[in-house]
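Report on the structure given below.
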Amino acid sequence: IREYAAEAEEHRRLSRPVVDAMLQAGLYSMSHPKAFGGLEVDPLTMFRVVEEVARHDSAAGWNLQLAVAASCFLAWLPDAGAAEIMHSPPQTIIATSFTPGRQAIPMDGGYHLSGQWPFVSGSHDGHWFLFLPQIMDGDQPRLDDQGSPVQRFMFLPSDKATILDTWHTLGMRGTGSDDVVVSDLFIPERHTALLAPLEKPGT
């Protein structure tokens with residue numbers, strides 16, 4: 001990790017040998033369920049591992065903590081949807097941005113998703129993206145009982161989106177936090193879940 005830290009800073013993304021080394025060590029699998037070949041370690045252990053990685057390169061630590069955190073949200077999905085994501089590939093890396101305000105339009109069996117998400121750290125190495133769009137009713141956001149916009153987690157394969165070269169910054173350059181664009185992409189219902197409340201988590 002330390003050997004390639006300067007290269008990550010120069011190229012504005014983690015170096016592939018670092019990603020491969022963390023994959024081989026199982027670091028991206030720390031929060032994956034054992035049922036899918038993950039380590040399913042406790043949160044304190046994950047924090048200590050991320051802290052140790054960050055001692056050698058802050059960008060690697062940042063991307064790792066986002067990936068293991070994003071994997072935890074698979075608990076919101078139906079079992080069938082979570083299984084599909086965990087098995088493609090077996091050591092799935094999930095990249096995410098929780099920037100609100102983008103739009104998903106309901107349709108039979110799922111949603112049409114469109115929008116541009118900034119600050120998607122690890123975007124070049126993620127197999128799946130996790131986004132949190134607003135659900136639309138026509139040209140207006142759907143509102144809940146408290147009058148707040150309804151949001152759903154949505155997982156989508158990274159090869160169905162476009163990464164823009166936008167991450168030109170002074171700090172944390174190695175995180176590769178470029179913008180990601182999605183255009184009218186169908187997301188099946190089983191790859192989505194209501195943000196709150198989480199009343200019936202998957203097994």
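Between the side chain of R12 and the backbone N or O of E10, no donor-acceptor pair lies under 3.5 Å. Counting only distance, with no hydrogens or angles, the side chain of S97 and the backbone of P118 share a donor-acceptor pair below 3.5 Å. Side-chain atoms of S121 never come within 3.5 Å of backbone atoms of T175 as a donor-acceptor pair (strictly under, hydrogens ignored). When atom types are taken as modelled, the side chain of S31 and the backbone of S71 share no donor-acceptor pair closer than 3.5 angstrom. Between the side chain of S123 and the backbone N or O of G176 there is at least one donor-acceptor pair closer than 3.5 Å. At least one donor-acceptor pair closer than 3.5 Å links the side chain of W167 to the backbone N or O of R173. Side chain of D179 to backbone of Q116: no donor-acceptor contact under 3.5 angstrom is found. The backbone N or O of G81 lies less than 3.5 Å from no partner atom in the side chain of R190, so there is not a single donor-acceptor pair.
In this structure, OG in S183 is found 13.0 Å from NZ in K160, a value given to the nearest 0.5 Å. Residue F131 holds its CZ atom at 7.0 Å from OG1 of T96, rounded to the nearest 0.5 Å. Taking OH of Y111 as the reference point, atom OG1 of T192 lies at 5.0 Å (rounded to 0.5 Å). A distance of 6.0 Å separates CE in M172 from CH2 in W62, rounded to the nearest 0.5 Å. The distance from atom NE2 of H127 to atom CE of M86, rounded to the nearest 0.5 Å, is 10.5 Å. In this structure, CD1 on I135 lies 12.0 Å from CG on D144, to the nearest 0.5 angstrom.
Linking Ile, Leu, Val, Met, Phe, Trp and Tyr whenever their side-chain heavy atoms come within less than 4.5 Å leaves L132 and I187 in two separate clusters. Both M154 and L194 are assigned to one and the same hydrophobic cluster, defined by single-linkage of ILVMFWY side chains at heavy-atom distances under 4.5 Å. Cluster annotation: V19 and M30 are assigned to the same hydrophobic cluster (Ile/Leu/Val/Met/Phe/Trp/Tyr, side-chain heavy-atom contacts under 4.5 Å, transitive). Under the 4.5 Å side-chain heavy-atom criterion for grouping Ile, Leu, Val, Met, Phe, Trp and Tyr, I1 is connected to Y4 within one hydrophobic cluster. Both V53 and L23 sit in one connected hydrophobic cluster of ILVMFWY residues. Membership requires side-chain heavy atoms under 4.5 Å apart, directly or through other members.
Closest approach of E9 and L170 over heavy atoms only: OE2-O, 4.1 Å. Residues V182 and L113 approach most closely at CG1-O, 3.4 Å, considering heavy atoms. Among all heavy-atom pairs drawn from G61 and V50, the shortest one is O-CG1, 3.6 Å. Residues S29 and Q91 come closest through the heavy atom pair OG-OE1, 3.3 Å. Considering every non-hydrogen atom in both P141 and P149, the closest pair reads CB-CB, 4.4 Å. Nearest heavy atom pair, residue A161 against residue L156, reads CB-CD1, 4.2 Å.
Summarising the local packing, CZ of F119 is surrounded by 12 or fewer heavy atoms from other residues, nucleotides or ligands at distances under 6.0 Å. The number of heavy atoms from other shown groups lying within 6.0 Å of CZ (F186) is above 12.
Using a 4.5 Å heavy-atom threshold, the side chains of V49 and V68 count as separate. The shortest side-chain heavy-atom distance between L77 and F153 does not fall under the 4.5 Å cut-off. Using a 4.5 Å heavy-atom cutoff, the side chains of R142 and P106 are in contact. Under the 4.5 Å side-chain criterion, counting only non-hydrogen atoms from C-beta, V18 is not in contact with D57.
Residue H191 forms a ring-ring contact (aromatic ring centres under 6.0 Å, His included) with just one option from W128, W76, F155, and that option is W128.
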Requested in this report: Run the numbers on S114 and Q103 for side-chain contact (heavy atoms from CB on, under 4.5 Å), then give the verdict.
Outcome: CA-CA 6 Å; S114 296; Q103 299 180 350; 5.9 Å; no
Requested in this report: Go through the steps to decide whether R48 and E51 satisfy the test salt bridge (Lys or Arg N to Asp or Glu O under 4.0 Å), and finish with yes or no.
Outcome: CA-CA 5 Å; R48 292 182 178 121; E51 183 180 40; over 6 Å; no
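Contact check on D125 versus R16 returns a salt bridge, with a Lys/Arg side-chain nitrogen under 4.0 Å from an Asp/Glu carboxylate oxygen.
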Under 3.5 Å, sequence neighbours excluded: what are the donor-acceptor pairs made by side chains of residues 36-43?
unit_1 : atom_1 : unit_2 : atom_2 : d
E40    : OE1    : K34    : N      : 2.7
D42    : OD1    : T45    : OG1    : 2.6
D42    : OD2    : L44    : N      : 3.2
D42    : OD2    : T45    : N      : 2.9
D42    : OD2    : T45    : OG1    : 3.1

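Residues passing the side chain to side chain donor-acceptor pair (under 3.5 Å) test with D178, sequence neighbours excluded: H124.
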